[in-house]
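In listed order, ligands and their atoms are each counted from 1.
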Amino acid sequence: MRIVLLGAPGSGKGTQAALLVKDLSLPHISTGELLRSAVKAGTELGQKAKAVMDRGELVSDDIMLSLIEQRLSQPDASEGFILDGYPRNLAQARALDALLDRLEQPVDEALQIDIDVEMVIGRIAKRAAEEGRSDDTEEVVRNRMKVYLDQTAPVVDYYAQKGLLSRVLGEGTIEEVFQRIKGVLQIRSEN
Ligand code: ADP
């Protein structure tokens with residue numbers, strides 16, 4: 001199954017993706033993590049991306065497409081994947097469709113985790129303390145939220161129009177949210 005996970009920063013996408021990976025034995029492809037590894041490794045791409053990420057803005061569509069294309073062509077992605085952090089704007093959504101059409105592996109499910117912005121701010125502050133991410137300061141978080149609302153929220157409608165969207169409430173315990181997600185995936189696989 002090819003799943004695109006959608007949701008605001010701090011919506012719990014990464015946590016839920018990790019649980020799904022175990023459950024479905026599919027690779028978790030997180031563009032945020034791919035970028036952070038490139039930054040850590042000091043590659044040219046990483047150097048270009050770091051400043052943009054530290055402002056909470058989006059890395060260019062070209063860079064992202066080559067990163068995702070490379071990752072999706074690895075053998076472990078041929079049976080499906082859980083994509084987290086991509087697409088983040090409409091141009092990326094269209095580019096992903098074109099890429100997956102070429103690979104004859106279209107998206108099966110777009111899953112949106114809905115949560116309240118206030119709750120998100122609290123969660124991110126907690127994660128900042130735990131992981132020390134350089135883009136988790138309050139100002140940058142606020143900008144990431146704005147970028148999400150302006151650019152990523154339209155992607156939700158894009159998948160809705162294709163009949164691929166499901167939404168789950170991201171409130172409650174991690175396990176509660178996970179059970180909601182499993183319910184949605186169950187329904188999708190029966191149709
Ligand atoms: P978040 O917690 O905000 O969902 P991520 O770990 O997914 O964070 O991404 C962190 C940063 O990496 C983003 O703010 C952005 O700068 C960059 N990034 C990740 N995915 C993409 C993408 N698809 N397009 C452009 N930039 C991206």
Note to self: When you measure from the side chain of Q47 to the backbone of G42, do you find a donor-acceptor pair of N or O atoms at a distance under 3.5 Å?
What the structure shows: yes
When the side chains of residues 71-78 are checked against the rest of the protein, which donor-acceptor pairs come out under 3.5 Å, sequence neighbours left out?
residue	atom	partner	partner atom	Å
R71	NH1	D76	OD1	2.9
R71	NH2	D76	OD2	2.8
S73	OG	E69	O	2.4
S73	OG	Q70	O	3.4
S78	OG	P75	O	2.9

Margin query: Strictly under 4.0 angstrom, heavy-atom based: which residues surround ligand 1?
Written below: P9, K13, T31, G32, L35, R36, M53, E57, L58, V59, M64, G85, Y86, R88, Q92, R127, R133, D135, R144
Next item on the list: Carefully, step by step, assess L58 and V147 under the rule side-chain contact (heavy atoms from CB on, under 4.5 Å).
Entry: CA-CA 8 Å; L58 295 185; V147 168; 3.6 Å; yes
Item checked: Minimum side-chain heavy-atom gap L83-L5 below 4.5 Å -> no
Note to self: Between N89 and Y158, is the side chain to side chain donor-acceptor pair (under 3.5 Å) condition met? List the steps.
What the structure shows: CA-CA 10 Å; N89 61 28; Y158 176 88; over 6 Å; no
Notebook entry, point to check: Is there a side-chain contact between L24 and L185, using heavy atoms and a 4.5 Å cut-off?
Noted result: yes
